[in-house]
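The next block holds one structure in the form of structure tokens; read it before the comments.
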Number of protein chains: 2
Amino acid sequence: MDYATAKRINQLLTTVYGDIVRVEELALRQSQFKDISIKEVHAVDVISMYEHKTTSQVARELRITPGTLTTMVNHLVRKDYVQRIRSDDDRRFVRLGLTRRGRLIYRAHESFHRKMVESFAKDMDDEQLQIIEKALLNLEAFLEFADPTPKK
Amino acid sequence: MDYATAKRINQLLTTVYGDIVRVEELALRQSQFKDISIKEVHAVDVISMYEHKTTSQVARELRITPGTLTTMVNHLVRKDYVQRIRSDDDRRFVRLGLTRRGRLIYRAHESFHRKMVESFAKDMDDEQLQIIEKALLNLEAFLEFADPTPKK
DNA sequence: TCAAATAGTTCCAACATCAAAATAATAGCA
DNA sequence: TGCTATTATTTTGATGTTGGAACTATTTGA
């Protein structure tokens, strides 16, 4: 790969994420969900609709400590996005679920991402999509090699 | 695009950035540059080698406030990565430059990114590279449309 | 000449985060 | 059964990041 191309792709890769976050934050401010941050939405996304994962599970997926998640969940409960559900079989566990409002934001966020990916792959056929997925998998493998810490 | 593919690509797009940051942070801890965070390295990257941009310019590119950059630069000066250069023509401006140590970390970071992009585009020919670049540009255009705030 | 504008810095409050200690519940074993 | 160790979560205290407002230094222009 020539130097200029590497530079351009690197530039795109490194700026795109910040742009996504900024656009999502902006969209939230303009929506009916003004009281929630993008980080909190990502927590809602991981908590998700049906699984009722435990606090530790969710913390691990978000790569934050359980203590940090506890305070985050406190906020999300106060703002009526998340509910705590004590496990009946083992009362040490706290399982997390979404409220009606939580499910609303979950779906709004999901829909934004769907649109985003569609714009990303605009006008591309299956073969081209496969190339893109391959590139992203290459990148993941490279990172995985550099830090083999398991993700879940 | 079918639902499953959209889901997979979305998943990859959203996790990859966090993984990059984590791997870079890890690499720093294991290198000779243990006293610098990845955010600070990104500041070094924007300050860059030869331009001597002003504080406001750098702050705008990093999308942080000038006040925040001032404290960041204080740290980077104390740790001998960055130097302040008063403009002689207009003494209100502070221009930022890298020290020898700053240039070292700049090049190390650049080299990491070069390797990363190469892994990303492993085994791909020019045509395939073009598809990838196109996809990233599509995504940028989508985001640009959602938030037309200029980047520089 | 001096008021307005511009660039940067200082200061403070809000927030996120982690590590360690504390609390609550369960499991395992004598 | 009755402890003791283990596990899951929460609380607490300390630290670092950030933005915004007030402030300082300098330049511009009427």
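Letters A, B, ... mirror the listed sequences (proteins, then strands); counts begin at 1.
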Rounded to whole Å, please give me the gap between [atom1] in [X] and [atom2] in [N].
{"X": "B:Met72", "N": "D:dG19", "atom1": "CE", "atom2": "C1'", "value": "14 Å"}
{"X": "A:Ile38", "N": "C:dA16", "atom1": "CD1", "atom2": "P", "value": "14 Å"}
{"X": "A:Ile36", "N": "C:dC15", "atom1": "CD1", "atom2": "C1'", "value": "16 Å"}
{"X": "B:Glu25", "N": "C:dC18", "atom1": "CD", "atom2": "P", "value": "12 Å"}
{"X": "A:Ile64", "N": "D:dA8", "atom1": "CD1", "atom2": "C1'", "value": "15 Å"}
{"X": "A:Leu62", "N": "C:dC18", "atom1": "CG", "atom2": "P", "value": "11 Å"}
{"X": "B:Asn74", "N": "D:dG16", "atom1": "CG", "atom2": "P", "value": "15 Å"}

- Message: With nearest nucleotide decided by heavy atoms, which residue, B:Ser56 or A:Lys39, maps closer to the 5′ end of DNA chain C?
- Response: B:Ser56
- Query: Considering only heavy atoms from C-beta outward, does the side chain of B:Glu133 approach that of B:Leu136 to under 4.5 Å?
  - Reply: no
Remember a base hit wins even if backbone is also touched, and classify [X] as base, sugar-phosphate or nothing at under 4.0 Å, heavy atoms.
{"X": "A:Thr68", "value": "base"}
{"X": "B:Leu69", "value": "nothing"}
{"X": "B:Ser37", "value": "nothing"}

- Message: Under the rule for side chain to side chain contact (heavy atoms under 4.5 Å, CB included), what residues qualify as partners of A:Arg29, not counting sequence neighbours?
- Response: A:Glu25
- Evaluate the ring planes of A:His109 and A:His42, with Trp represented by its six-membered ring, and classify them as parallel (under 30°), tilted (30 to 60°) or perpendicular (over 60°). perpendicular
- Task: With B:Asp35 as reference, evaluate B:His75, B:Glu40, B:Lys79, B:Arg78 under the side chain to side chain contact (heavy atoms under 4.5 Å, CB included) test and give the passing residue.
- Result: B:Lys79
- Please name the residue in the list A:Glu110, A:Met116, A:Lys115, A:Arg114 that meets the side chain to side chain contact (heavy atoms under 4.5 Å, CB included) test with A:Phe112. A:Met116
- Using distance alone, with no hydrogens and no angle criterion, decide if B:Ser87 and B:Asp90 have a side-chain donor and acceptor under 3.5 Å apart. no
- Message: Tell me if the CZ atom of A:Arg86 is crowded by more than 12 foreign heavy atoms within 6.0 Å.
- Response: yes
- Please list, by residue number, the residues of residues 76-96 of chain A whose heavy atoms come closer than 4.0 Å to an atom of DNA chain D; answer none if no residue qualifies. A:Arg84, A:Arg92, A:Phe93, A:Val94
- Query: Is any side-chain nitrogen or oxygen of A:Thr65 closer than 4.0 Å to OP1 or OP2 of C:dT17?
  - Reply: no
- Select one nucleotide: of D:dT17, C:dT10, D:dT11, the one nearest the side-chain heavy atoms of A:Thr70. D:dT11
